[in-house]
Colleague: 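First the structure, then my questions, so here it is.
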Amino acid sequence: MEYFLSEQQKTIKSLARRIAEERILPVRAELDEKEEFPWAIIKDLADADMFRAFIPEEYDGLGGGCLELCLVVEELSRVCSAIAVTYAASALGIFTLLEYGTEAQKQKYLPDIASGKRLGAFALTEPTAGSDAGAIKTTAEKVEGGYLLNGTKQFITNGGEAEIYTVIALTAKNRGARGASALIVEKDTPGFTFGKKEKKMGIRSSSTRKLIFRNCLVPEENIIGREGMGFIAAMKLFDRSRPGIGSQAVGVAQGALEAAVDYARQRIQFGHPIISLPVVQDMLADMAINVEAARALVYAAARTVDSGAKNITEVSSMSKVFASDTAMKVTTDAVQICGGAGYMRDYPVEKMMRDAKITQIYEGSNQVLRNAIAIELRKRKARTE
Ligand SMILES: Cc1cc2nc3c(=O)[nH]c(=O)nc-3n(C[C@H](O)[C@H](O)[C@H](O)COP(=O)(O)OP(=O)(O)OC[C@H]3O[C@@H](n4cnc5c(N)ncnc54)[C@H](O)[C@@H]3O)c2cc1C
């Protein structure tokens, strides 16, 4: 399908594909097996200016936005979702800063993210606050010289590897979500430590850790925006970032589709390649239709985000839900088409199936997002009455 990408967008996409094929493909299985953080690939991505894709030009970026981020994430995820999410989490770590930060904060942090010298991360989830993110307990008490952070964040992508964290914590603990604020916390701040690297089903070379804050003093100038706007900022951030998860899902689904077609072409049973069986053709055709539909929705959602439109919860949630459900179905069907071989680690589709699952869970589980879409529909109905 023609998506009318600009010349720069096409260049970014093809460069990301080249890195994925030349640098990631040969090592993805080993990184997955060893659960090893992909530092060498991060350096390749940085050298190719990939981290500049989603940063404005005035902070050493290429001036792109959500769509450029999605194009890179999709191509990386087509080969390895773990690396795609590591890359995307750095963007997640600075989007709040980009939207609400002061000029001084942007000048201080964004060029390092753009060059790939430092990675970013975003921390909202806590052991008792997952889908119910408003139930966070981590506090940021105002003291002389800054904010004293205490609490634990859970399941944080790039945890321990990133150097710049946007952390949502309560500056007014009796006000619940309305008392939450966003703070930039640097890795080497005293009182800031990490839990063990979590052992996961999929995206195994990516890093997922707890962030532990014990009397961690964060300078006053590190607050992003005003006190009390942290929760709203986080919700707005997810509205902008969900097409990124959608593109992760589209990428892994595309990779699985291609692997399934290749296998079906060369696997001979009953004297013929299995791709000549109508039942396999039907499966492949449905996989292709859904991958393309998901891609179209993700690109449309990303363009809506980049347009500056205000009410984007519905379209961004739809793109994430549809693409991630597609990824789970397509990767599962790819394993089915590859038969016993597909179940083996020697073939890429079992990793893709494991990697796809997370896209239905994070940045708002698909159940929670379906609720959010329904709420938007109800509001729209109410407006027209
Ligand atoms: C690998 C990984 C990386 C992550 N990275 C980050 C990160 O970088 N930063 C960050 O802040 N967080 C991160 N998360 C956290 C992630 O966003 C949460 O796991 C997710 O929001 C779900 O929360 P939970 O795991 O606590 O599940 P729960 O909220 O306990 O949900 C459990 C089940 O109940 C369902 N459920 C709960 N409430 C509702 C409801 N109201 N309606 C319908 N169904 C409901 C859910 O859909 C789910 O099926 C990550 C998680 C993982 C696993």
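Order of appearance sets the numbers: ligands from 1, and atoms from 1 within every ligand. Only heavy atoms go into these numbers, but all of them, side chains included; no hydrogens, no water, no symmetry mates. Index from 1, following the sequence.
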Colleague: Can you tell me the protein heavy atom closest to atom 44 (N) of ligand 1 and the distance?
Modeller: Gln367 CB, 3.5 Å
Colleague: Compare Ala89, Ser207, Ser365, Ala372 and give the one whose heavy atom is closest to atom 46 (C) of ligand 1.
Modeller: Ser365
Colleague: Just by distance, with hydrogens left out, do Asp239 and Thr313 show a side-chain donor and acceptor under 3.5 Å apart?
Modeller: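 A pair is found: one side chain offers a donor N or O, the other an acceptor, under 3.5 Å apart.
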Colleague: Checking contacts now, so for atom 20 (C) of ligand 1, which I'm interested in, is there any protein heavy atom under 4.0 Å?
Modeller: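 So atom 20 (C) of ligand 1 has protein heavy-atom neighbours under 4.0 Å.
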Colleague: Consider only side-chain N and O atoms of Lys357 and Thr331, and report whether a donor and an acceptor are under 3.5 Å apart.
Modeller: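 Distance-only check fails for Lys357 and Thr331.
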Colleague: Counting only non-hydrogen atoms of the protein, does one fall under 4.0 Å from atom 33 (C) of ligand 1?
Modeller: no
Colleague: So is Asp132 polar-close to ligand 1, meaning N/O to N/O under 3.5 Å?
Modeller: no
Colleague: Is there a salt bridge (charged side-chain N to carboxylate O under 4.0 Å, His left out) between Lys379 and Glu376? Walk through the geometry before answering.
Modeller: CA-CA 5 Å; Lys379 276 197 230 158; Glu376 292 299 315; 3.0 Å; yes
Colleague: Can you report which non-hydrogen protein atom sits closest to atom 39 (C) of ligand 1, along with the distance?
Modeller: Val368 CG2, 3.7 Å
Colleague: Only heavy atoms count here, so choose which of Phe238, Tyr362, Phe122 is nearest to atom 2 (C) of ligand 1.
Modeller: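 Heavy atom nearest to atom 2 (C) of ligand 1 belongs to Tyr362.
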Colleague: Is there any N or O on Lys200 that sits under 3.5 Å from an N or O of ligand 1?
Modeller: no
Colleague: To check your reading of the model: name the closest protein heavy atom to atom 24 (P) of ligand 1, its residue, and the distance in Å.
Modeller: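 Answer, as residue, atom name and distance: Gly130 CA, 4.0 Å.
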Colleague: Can you pull out the closest protein heavy atom to atom 17 (O) of ligand 1? Residue, atom name and distance to 0.1 Å, please.
Modeller: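 Of the protein heavy atoms, Glu363 N, 3.5 Å lies nearest.
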Colleague: May I ask which of Ala123, Gly159, Ser131 has a heavy atom nearer to atom 23 (O) of ligand 1 than the others do?
Modeller: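 Nearest heavy atom to atom 23 (O) of ligand 1 lies in Ser131.
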Colleague: Only one of Tyr165, Phe95, Phe238 forms a ring-ring contact (aromatic ring centres under 6.0 Å, His included) with Phe122, so which one is it?
Modeller: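 Among Tyr165, Phe95, Phe238, the one that satisfies the ring-ring contact (aromatic ring centres under 6.0 Å, His included) with Phe122 is Phe238.
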Colleague: Before giving the answer on ring pair (Phe, Tyr, Trp, His ring centres under 6.0 Å), spell out for Phe54 and Tyr87 the whole-Å C-alpha distance, their side-chain angles and the decisive distance to 0.1 Å.
Modeller: CA-CA 11 Å; Phe54 52 84; Tyr87 168 82; 5.7 Å; yes
Colleague: Looking only at protein heavy atoms, which one is nearest to atom 52 (C) of ligand 1, and how far off is it?
Modeller: Ile358 CD1, 3.8 Å
Colleague: With atom 3 (C) of ligand 1 as the reference point, say which of Leu369, Ile361, Asn371, Thr157 has the nearest heavy atom.
Modeller: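 Of the listed residues, Thr157 has the closest heavy atom.
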Colleague: With a cut-off of 6.0 Å (strictly less than), are more than 12 heavy atoms of other residues, nucleotides or ligands near OH of Tyr3?
Modeller: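 Check passes, neighbour count above 12.
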Colleague: Which residue and atom name correspond to the protein heavy atom nearest atom 6 (C) of ligand 1, and how close is it?
Modeller: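 The closest one turns out to be Phe155 O, 2.8 Å.
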Colleague: Write out the residue and atom name of the closest protein heavy atom to atom 12 (N) of ligand 1, then the distance separating them to 0.1 Å.
Modeller: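 Answer for atom 12 (N) of ligand 1: Thr125 OG1, 2.7 Å.
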